[in-house]
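Accompanying notes for the structure given below.
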Amino acid sequence: MTRVRANPASQAAFLARNVADALPAGGLERRLEQAVEAGRPLRVKLGLDPTAPDIHLGHTVVLQKLREFQDLGHRVVLIVGDYTARVGDPSGRSETRPALSAEEIAANARTYERQAFRVISDDPDLYELRFNGEWLDMSMEALFGLARTTTVAQLLDREDFATRYRAGAPISVLELLYPLMQGYDSVAVRADVELGGTDQTFNLLLGRDIQRHYGQPEQAVLTLPILPGIDGVEKMSKTKGNQIGVTEEPSSMFAKTMRLPDEAMATWFELLAVEPSAPEIPPRDAKRALARAIVSRFHGDVAAAAAEQAFDRIFVEHGVPDEVADADVSASDGIVHVPAALGEAFGVSRSEARRLLAQGGVRVAGQPLAADELDVPRARLDGEVVQLGRRRFRRLRVR
RNA sequence: GGGGGGAUGCCCGAGUGGUUAAAGGGGACGGGCUGUAAACCCGUUGGCUCUGCCUACGCAGGUUCGAAUCCUGCUCCCCCCA
């Protein structure tokens with residue numbers, strides 16, 4: 001059952017790829033040595049937020065590293081922050097996040113787990129899932145014990161707290177408690193290693209301090225670079241709308257990747273581990289290779305080839321995709337009111353449809369519809385593919 | 001306990017009685033350009049039965065010919081002093 005490889009040094013070298021920081025220096029290697037001596041796998045922790053269940057490419061950077069630990073025989077411990085999500089995290093602005101119900105959290109956790117298995121292994125020897133409500137639903141006395149481990153000065157060391165404090169911006173006590181709770185998770189699962197994005201460095205390191213206060217060996221910390229979103233600049237996140245989900249359609253994955261600014265390509269090649277490095281070819285072709293590799297990774301080679309073809313048809317040849325969804329629209333006396341029909345077919349408001357029409361953003365069978373063509377005979381639209389903007393298509397059926 | 005500040009469109013943020021569907025920026029969307037992109041240029045960005053009408057500036061009332069702007073009450077938020 002113990003598949004842990006010997007040779008800690010080579011394991012550490014293997015695991016160092018793509019890592020932003022390994023703290024403390026040599027820490028991981030020491031834990032690997034100890035694991036070999038004790039003849040047991042390491043427990044590698046990753047905390048996750050059950051408020052956003054869908055996994056995007058940004059998450060896969062860390063998940064990939066977890067996978068590599070698994071490949072060396074180590075055990076991944078995913079922790080669902082169900083307790084914290086139930087309280088509602090007020091961080092950032094004053095907009096208190098809605099507290100989720102237990103059912104929602106459970107459902108989100110299942111979704112997350114299912115999607116995570118596209119990257120990590122679900123082998124029960126190499127994986128466990130835990131909910132932190134299991135141990136955070138503690139007594140006041142226990143909370144006092146946890147609160148004693150850390151000082152306000154330590155917390156104010158964290159950059160975003162420091163910045164906000166200096167600016168006189170609000171920081172709730174609850175927010176200050178979050179790093180403590182996350183650190184206690186490490187105590188509860190006896191983590192040997194914890195992974196996270198570089199933006200989690202403070203929390204991960206605080207976990208070490210808290211473990212020490214509880215008389216446990218301190219976890220090694222590995223931080224991974226943050227993957228920029230498809231805008232090429234900001235961190236990939238659902239709220240920014242710059243993400244590519246691992247369950248997204250192949251064609252959408254492909255097209256979104258192609259929109260990535262050139263400057264971010266090298267980073268994507270590296271972090272998404274699709275190929276050793278950006279090939280020395282023109283950027284356009286490199287990006288195609290990147291897009292193909294990403295789609296292949298999650299949908300297979302066949303789907304990737306199809307996605308590329310569809311992309312060429314729509315964006316290069318300005319044609320119509322193979323698969324166009326049908327939409328029923330209504331007519332009266334054989335006349336179709338275009339804004340209404342677009343509203344029905346694409347779910348936009350009539351005002352928005354009028355604007356698009358006025359800007360030449362509506363095409364019927366490839367030909368722009370004139371701005372003043374508000375009412376057209378049904379024959380003009382029935383059975384035709386209507387294009388709204390650059391990438392929305394519907395085949396209309398006039399009833 | 002005391003004092004002060006604030007709530008505006010997707011977000012940030014101007015506006016302190018009428019010319020304000022509400023400056024400016026961001027984002028998004030559309031068109032042009034292009035390599036698919038970025039950059040750049042132009043345009044749009046509440047709804048509708050669309051040369052007009054309706055709804056909108058935390059909530060509820062009030063003053064006024066007329067209010068996001070003034071008054072009253074309420075809710076929520078923030079800062080400072082103690």
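Throughout, protein chains are lettered first and strands after them, A, B, ... in sequence-line order, and every chain is numbered starting at 1. Since we're looking at a predicted model, the values are computed, not measured.
- Pair assignment for B:A67 gives none, since no Watson-Crick or G-U wobble pairing has each distance under 3.5 Å.
- For A:Arg363, a side-chain nitrogen or oxygen approaches OP1 or OP2 of B:G31 to under 4.0 Å.
- Taking for each of A:Pro339 and A:Phe315 the nucleotide of RNA chain B with the nearest heavy atom, the 5'-most of the two is the partner of A:Phe315.
- Distance, A:Ile230 CD1 to B:U36 P: 17 Å, rounded to whole Å.
- Look at A:Arg380 and A:Glu384 and you find no salt bridge, because none of the NZ, NE, NH1 or NH2 atoms lies under 4.0 Å from a carboxylate O.
- Comparing the same atom, P, in B:A38 and in B:G31 gives a spacing of 14 Å after rounding to whole Å.
- Nucleotide B:G30 holds its P atom 7 Å from the CG atom of A:Leu356, rounded to whole Å.
- A:Arg354 comes within 4.0 angstrom of a nucleotide base, judged by non-hydrogen atoms across all strands.
- Residue contacts shown for A:Ser351 include a base, since a base heavy atom lies under 4.0 Å away.
- For the pair A:Glu29 and A:Arg31, the salt-bridge criterion is not met [side-chain N within less than 4.0 Å of a carboxylate O].
- Residue A:Arg355 places its side chain closer to B:U45 than to any other of B:G30, B:U45, B:A38.
- Separating the P atom of B:G24 from that of B:C70 is a span of 24 Å, rounded to the nearest Å.
- Rounded to whole Å, atom C1' of B:C78 lies 14 Å from atom CD of A:Glu175.
- Proximity of A:Arg391 to the phosphate of B:C29: a side-chain N or O atom is located under 4.0 Å from OP1 or OP2.
- Within the structure, every side-chain polar atom (N or O) of A:Arg390 is placed at least 4.0 Å from both OP1 and OP2 of B:U34.
- Ion pairing of A:Arg43 with A:Asp192 is absent here, as no side-chain N (NZ or NE/NH1/NH2) approaches a carboxylate O to less than 4.0 Å.
- Between the side chain of A:Gln359 and the base of B:G43, a donor-acceptor pair under 3.5 Å is found.
- With a cut-off of 3.5 Å on both Watson-Crick or G-U wobble distances, the partner of B:A28 is given as B:U44.
- A salt bridge links A:Arg288 with A:Asp312: the closest approach of a Lys/Arg side-chain nitrogen to an acidic carboxylate oxygen falls below 4.0 angstrom.
- One finds no side-chain N or O of A:Thr257 lying less than 4.0 angstrom from the OP1 or OP2 phosphate oxygen of B:U36.
- Here the nucleotide nearest the side chain of A:Asp262, chosen from B:G35, B:C48, B:A38, is B:G35.
- Put simply, CD on A:Glu352 is 19 Å from P on B:G9, counting in whole angstrom units.
- Taking atom CG on A:Leu388 and atom C1' on B:G30, their separation rounds to 9 Å, with Å as the unit.
- Under the Watson-Crick or G-U wobble criterion, with both distances below 3.5 Å, B:C74 is paired with B:G58.
- A:Leu180 places a side-chain heavy atom less than 4.5 Å from the side chain of A:Leu206.
- Using a 4.0 Å cut-off between a side-chain N of Lys or Arg and a carboxylate O of Asp or Glu, A:Lys235 and A:Asp199 qualify as a salt bridge.
- The P atoms of B:A21 and B:U63 are separated by 24 Å, rounded to the nearest whole Å.
- Base pairing analysis places B:G1 opposite B:C81; the two distances defining the Watson-Crick or G-U wobble pair are each below 3.5 Å.
- Nucleotide B:A21 forms a pair with no other nucleotide shown, judged by Watson-Crick or G-U wobble geometry with both contacts under 3.5 Å.
- Taking atom C1' on both nucleotides, B:C74 is separated from B:G1 by 22 Å, rounded to a whole Å.
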